[in-house]
Amino acid sequence: MSTRKKIALIGAGNIGGELAALCARKELGDIVLFDIPAKADFAKGKALDLEQNSSVIGYDAKITGTSDWKDCAGADVVIITAGIPRKPGQSRDDLVATNLPIIRSVAAGVKEHCPDAFVIVISNPLDAMVYELKRATGLPRERVVGMAGVLDSARFQLFLAREANVSIKDVRAMVLGGHGDDMVPVLSATTINGVAATELIAREKLDAIIARTRTGGGEIVKLMGTSAYYAPASAAVAMAEAFLLDQKRLLPSAVYLDGEYGYKDLFMGVPVIIGGRGVEKILEIKLTDDEKAMLAKSAKSVQGITDVVKATPAT
Ligand code: A3D
């Protein structure tokens, strides 16, 4: 029996495949690529392709494709991309009717086979899907997070770097709130290696960058006909790595709020420390009045879609 860590990827589509490739290259553990029975062979084929790639690249991870939850048993990390992505013209919230039953079936699998895992949800509408995953599995809030903030911050950071004509490595920024078009880029915490971004970029340019960040996902859907997958996968792997290697990274993540920032019984993006115990700390950073107002608007949208989920009985 392997003593390597085990990573179960639920959904072997675009993000699932890229997640597997990244986890393998980083040798984070052995990988199980799970999909529905109708796509079991697809998952097996993708896994085989990635295992053959190990011979060229030189990694030792074992990668298996499956549609049997038993193969996911005992996973240390579960990353969930099961569900459908957006098509041009759709909002993330439009996906709720299709993705809610999918998340519920995945939650049943996680509860039975991976009850000790650190779970990262990516399926949209993100904040509502991760809420349901936690509710249906009963997992503690330290072990259930949603990936959105790392990706939204990456988009914000890229646009800032291009505008300021500086290396992407020197840009530090955080996007909080729900994963929707009213997400909250926190300008007061945005710096270029410690120098306030507002000193280097004019206000109207910053406003345009914020607007582009908020619709950054939709911009790609419009161009590709489906949603982004390279950066979403990298963002989730950063979170998984922080847990597996006990890195104690400060990453914006959707977590279950129990009074923090004034919100209760809601998943929304806030800065957290992720380490070997999962979400080790939720940081309540100082926000300007403007940022607080934006967060309240975002929370209202998240609450709306979460209420839809809460009111939808299991079929
Ligand atoms: P796609 O390539 O279609 O892959 C999704 C996979 O999920 C497919 O292979 C399906 O067969 C599979 N699936 C469906 N039902 C189940 C089930 N019950 N159990 C296991 N697998 C199942 O989509 P994708 O990988 O591009 O996107 C996946 C999800 O991530 C979508 O909901 C996207 O909207 C979402 N997404 C979120 C972000 C965030 O930042 C939060 C970014 C990009 C995409």
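Along the sequence shown, the residues carry numbers beginning at 1. Both counts, for ligands and for their atoms, begin at 1 and track the order of listing. Everything numeric here is computed off the predicted structure, so don't read it as measured data.
With M129 as the partner, the side-chain contact (heavy atoms from CB on, under 4.5 Å) test is satisfied by one option alone out of V309, V106, N124: V309.
Screening residues 222-238 for salt bridge (charged side-chain N to carboxylate O under 4.0 Å, His left out), with sequence neighbours left out, gives no hits.
Inspection of the Y131 and D265 side chains reveals an N or O donor paired with an N or O acceptor under 3.5 Å.
Residues forming a ring pair (Phe, Tyr, Trp, His ring centres under 6.0 Å) with F156 (at least two apart in sequence, or on another chain): none. Taking F243 as the reference, F118 meet the ring pair (Phe, Tyr, Trp, His ring centres under 6.0 Å) condition, with sequence neighbours excluded.
Using a 30° and 60° split on the angle between ring planes, W69 and H113 fall in the parallel class, below 30°.
Protein residues having a heavy atom under 4.0 Å from any atom of ligand 1 are I10, G11, G13, N14, I15, F34, D35, I36, K39, T81, A82, G83, I84, P85, L95, N99, I102, S105, V106, I122, S123, N124, L126, M147, L151, H179, S227, A228, P232, listed by chain and number.
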